[in-house]
Amino acid sequence: MLDIKRVLAAKPKKHKDVELERLMTPWGEQIDPANVLPEHPHPQFARAHYEILNGWWDCTFVTAAQEAPHPAKLPMVVDGATIPAEADFTQRILVPFSPEAPLSGVNRQLKPGELLWYRRTFEAPQLAGDDRLLLHFQAVDHTCSCRINGTTVGGHAGGYSPFAFDITNYLVEGKNEILLCVADSSEEGGQVRGKQRLDRGDIWYTAQSGIWQTVWLETVPANRIDLLQIVTDAYEGSITVNASFRDSAPRSHDLRLTVEIRDAEGIMVAADTFTTPDETCAMKFHLPDAHLWTPEDPYLYTLMLTYGSDVVSSYCGIRTAEVKPDPQGRARFYLNGKPCFLKGVLDQGYWSDGLMTAPSDDALVFDIQAAKAAGFNMMRKHIKLEASRWYYHCDRLGMMVWQDMVNGGDKGPHQWQWSYKPTLFKASWNRYDDTDAKHQEELGSDSPLYQEEWLHTCNEFIEYLQGHPCIITWVLFNEGWGQFDSAAATDHVRKLDPTRPVDSVSGWYDQGAGDFKSVHNYFRTLKVWPDEGKRAFAISECGGLTFRVEGHSSLPEAYGYAAYEDAGAWRTDLRKLLVHLNSLEAKGLAGYVYTQLTDIEEEVNGLLTYDRKVNKLL
């Protein structure tokens with residue numbers, strides 16, 4: 001039954017243009033600008049020789065020569081932009097925080113039609129023989145062009161994926177200069193953007209732009225491992241290593257790939273050498289008495305790969321994730337061949353002082369541990385690719401992850417289709433064909449350029465993240481926004497990664513694809529609605545109980561799905577809700593996701609306050 005009072009209480013309202021209260025997390029209060037996020041940015045593909053380039057950079061905002069809100073125009077705008085004079089770089093920005101984040105020191109929105117220029121110098125390391133120097137950007141939002149000593153070395157479009165440039169041929173003796181030109185149109189451009197909006201409010205948060213993850217240099221051999229894919233199987237007790245190579249210098253005839261696998265105690269349990277590999281090779285290892293990865297026992301094996309002079313360290317956890325019928329014929333999630341009830345919490349990955357950038361590595365760990373302490377065994381990383389180290393910590397701490405793709409689409413008046421209609425009329429959920437051109441227009445997903453960007457970003461996510469044992473489900477579309485042809489997208493993802501279940505559509509407008517019938521239920525009685533297609537049933541969002549803590553909130557307004565003035569009443573009802581959700585396992589529920597881990601700006605339905613200083617459960 002629909003709770004009309006609750007629906008009306010959660011209705012979006014007109015927002016006042018109020019500046020967000022400056023809230024600092026404990027880690028942001030202690031940040032050292034000379035040593036920001038110094039840890040290796042990619043622990044699952046690590047070499048010994050690297051240098052972090054975070055810290056103070058120079059920056060300047062300029063008006064673009066042409067206003068270009070659409071992503072199709074952005075590469076031309078940034079590639080052809082005139083480099084500002086050195087005297088124009090009058091501001092400093094603390095990388096890797098976006099200019100909109102308090103920790104950046106800028107507190108300035110990059111707007112459509114503007115360009116943000118970054119500048120810094122560095123001393124190039126001494127390169128031996130045919131070694132190369134790579135410049136890595138873990139994430140830049142949204143479109144950028146990079147110049148080294150005045151020469152363009154490459155560009156990238158898409159606000160969430162890591163990328164790198166080989167800058168060896170552009171280096172000079174002494175000081176070298178990096179210039180990065182960035183443009184970001186957010187919802188004005190109809191791009192993949194996640195929960196960001198220039199017009200923030202309710203469930204939409206402050207749009208950010210520019211560099212928002214670590215920038216780093218890496219010294220690599222000319223002939224090296226370029227891509228590593230690790231696939232494990234709990235039934236076989238096996239680890240399959242798929243590697244591809246980049247050879248920038250003539251290859252020696254005796255070049256070979258050696259893989260060594262050690263257990264958590266450092267004892268070698270398997271090793272092999274693949275002689276004269278082609279562009280790719282695959283090596284499969286069967287481990288007797290393999291120690292499996294579970295949330296209760298997150299056991300990890302370490303890998304060392306050697307290819308000529310290239311040495312890469314990695315790790316993996318042996319586990320199998322799948323959906324299949326239980327003995328009663330009800331579809332369940334299984335981990336390593338055993339039923340596993342998913343008790344999840346929604347995690348948006350926003351910070352009061354860093355926006356989408358965590359202020360420290362310890363802050364990432366804090367969120368995961370807080371979720372585990374509250375009784376959750378899964379976190380749904382919502383509409384965001386997180387820093388690689390977050391997944392590393394989930395791997396080692398034993399937190400399962402549902403990983404969302406990043407949605408977007410144009411900024412048109414889609415709220416009726418995205419929210420109001422499916423909230424009021426449940427019957428509409430299964431009567432909306434997302435391959436229909438008119439329906440795609442109504443969902444803001446009809447642009448071929450948006451669809452192309454979504455698919456490209458999806459491919460990048462899966463390639464980059466597939467080795468993490470913590471990730472046990474891919475989530476493709478959320479609540480209709482930016483949704484298109486989800487059945488075909490599901491088939492595409494299955495081909496890219498056949499080892500994980502897929503939640504094709506989370507919320508509504510289900511097309512019958514994927515491994516889950518995945519619904520959002522904030523306003524109806526929580527119960528199990530079996531799926532005729534025999535998929536597992538999951539309540540992939542629910543709850544959202546709202547309690548605002550004075551002095552720890554960004555805004556005087558509060559948004560959520562059930563408002564409380566008393567902390568005790570909030571805790572009592574929250575615990576009752578979780579007990580009820582857990583009881584539904586016996587009736588066929590495969591798992592749930594409670595909304596949410598932390599407050600974010602106006603949305604104060606978190607277990608933790610936005611600044612992480614108050615745990616509302618305690």
Side-chain angles (χ1 to χ4, degrees), residues 231-235 292-299 317-347 371-372 375-382 391 394-395 397-405 462 465-466 468-478 490 493-494 497-507 510 512-521 526-543 578 580-595:
V231 179
T232 67
D233 189 312
Y235 295 111
L292 303 185
W293 185 96
T294 67
E296 298 77 23
D297 182 15
Y299 194 90
I318 300 176
R319 64 102 186 93
T320 294
E322 58 191 327
V323 170
K324 62 181 182 180
D326 66 11
Q328 290 74 42
R330 295 174 298 195
R332 302 276 192 185
F333 173 76
Y334 278 70
L335 184 68
N336 303 332
K338 299 178 181 178
C340 178
F341 186 58
L342 299 170
K343 297 181 285 187
V345 63
L346 197 70
D347 178 23
K372 285 183 73 77
F376 298 100
N377 62 11
M378 182 264 281
M379 297 170 78
R380 179 183 169 194
K381 181 54 70 172
H382 197 36
Y391 302 97
C394 288
D395 290 338
L397 294 173
M399 177 59 73
M400 294 183 288
V401 175
W402 276 26
Q403 176 60 50
D404 286 15
M405 299 302 161
I462 292 173
L465 297 176
Q466 60 78 36
H468 289 283
C470 65
I471 300 177
I472 48 106
T473 293
W474 302 115
V475 183
L476 306 191
F477 294 104
N478 183 75
T490 301
V493 168
R494 286 198 196 285
D497 180 12
T499 70
R500 288 178 174 88
V502 178
D503 181 1
S504 177
V505 174
S506 179
D510 180 28
D515 297 288
F516 294 92
K517 181 176 182 178
S518 175
V519 306
H520 294 183
N521 190 352
L526 292 171
K527 59 183 180 180
V528 176
W529 301 322
D531 178 53
E532 295 179 359
K534 302 301 181 183
R535 297 171 299 171
F537 180 76
I539 302 175
S540 50
E541 285 187 31
C542 63
L578 294 176
H580 177 62
L581 285 165
N582 289 326
S583 74
L584 293 178
E585 179 185 9
K587 298 183 180 180
L589 183 66
Y592 63 84
V593 178
Y594 178 80
T595 303

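Both backbone and side-chain heavy atoms feed into the values below; hydrogens, waters and symmetry mates do not.
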**OP:** Answer whether the closest heavy-atom distance between the side chains of W293 and M400 falls below 4.5 Å.
**Re:** yes
**OP:** Look at D515 together with R494 and state whether they make a salt bridge at an N to O cut-off of under 4.0 Å.
**Re:** yes
Original post:
Can a salt bridge be assigned to the pair R380 and E541 using a cut-off of 4.0 Å between side-chain N and carboxylate O?
Top reply: yes
**OP:** Side-chain contact test, heavy atoms from C-beta onward, threshold under 4.5 Å: evaluate it for I462 versus M405 and give yes or no.
**Re:** yes
**OP:** Work out which heavy atom in F333 is nearest to a heavy atom in L342; give both atom names and the distance.
**Re:** CD2-CD2, 3.7 Å
Original post:
Rounded to the nearest 0.5 Å, how far apart are OG1 of T320 and CZ of R500?
Top reply: 10.5 Å
**OP:** Please report the closest heavy-atom contact between D233 and I318, naming both atoms and the distance.
**Re:** O-CG2, 3.8 Å
Original post:
Tell me the side-chain hydrogen bond (donor to acceptor under 3.5 Å, both in side chains) pairs involving residues 328-338, sequence neighbours left out?
Top reply: D326-R332
**OP:** Please test Q403 against T473 for side-chain contact (heavy atoms from CB on, under 4.5 Å), starting from the C-alpha separation and ending with a verdict.
**Re:** CA-CA 6 Å; Q403 176 60 50; T473 293; over 6 Å; no
Original post:
At what distance, to the nearest 0.5 angstrom, does SG of C470 lie from CG of L397?
Top reply: 10.0 Å
Original post:
Any side-chain heavy atom of C542 within less than 4.5 Å of one from H520?
Top reply: no
Original post:
If you take all heavy atoms of S540 and V593, which pair is closest and at what distance?
Top reply: O-CB, 3.1 Å
**OP:** Please assess L476 against V505 for the test side-chain contact (heavy atoms from CB on, under 4.5 Å), listing each intermediate value before the final yes or no.
**Re:** CA-CA 6 Å; L476 306 191; V505 174; over 6 Å; no
Subject >> From OH (Y594) to CG (L578), nearest 0.5 Å >> reply: 7.0 Å
Original post:
Atom CD1 in I539, atom CG in L526: separation rounded to 0.5 Å?
Top reply: 5.0 Å
Original post:
Heavy atoms, side chains only, cut-off 4.5 Å: are V401 and I472 in contact?
Top reply: no
**OP:** Provide the closest heavy-atom pair for R319 versus I471 in the form atom of the first, atom of the second, distance.
**Re:** NH2-O, 2.8 Å
Original post:
What's the spacing between C394 SG and K372 NZ if we round to 0.5 Å?
Top reply: 9.5 Å
Subject >> Spatial distance of atom SG (C340) from atom CD (E322) [nearest 0.5 Å] >> reply: 11.5 Å
**OP:** Establish, from distance only, whether the side-chain atoms of Y592 and E585 form a donor-acceptor pair under 3.5 Å.
**Re:** no
Original post:
Got a salt bridge between K381 and D347, using NZ or NE/NH1/NH2 to carboxylate O under 4.0 Å?
Top reply: yes
Subject >> Over all atoms of both residues, closest heavy-atom pair of V528 and L584 >> reply: CG2-O, 4.0 Å
Original post:
Of all heavy-atom pairs between P469 and D395, which one has the smallest distance, and what is that distance?
Top reply: CD-OD1, 3.2 Å
Subject >> Expected output: side-chain D404 to main-chain V475 donor-acceptor under 3.5 Å >> reply: no
**OP:** Would you indicate whether K527, at its atom NZ, is surrounded by more than 12 heavy atoms from other residues, nucleotides or ligands within a distance under 6.0 Å?
**Re:** no
Original post:
So, S518 and D503: side-chain donor and acceptor under 3.5 Å apart, yes or no?
Top reply: yes
Subject >> Audit row: F537, V519, side-chain contact (heavy atoms from CB on, under 4.5 Å) steps and yes/no >> reply: CA-CA 8 Å; F537 180 76; V519 306; 3.6 Å; yes
Original post:
Between W402 and F516, what is the ring plane arrangement, given parallel below 30°, perpendicular above 60°, and tilted in between?
Top reply: tilted
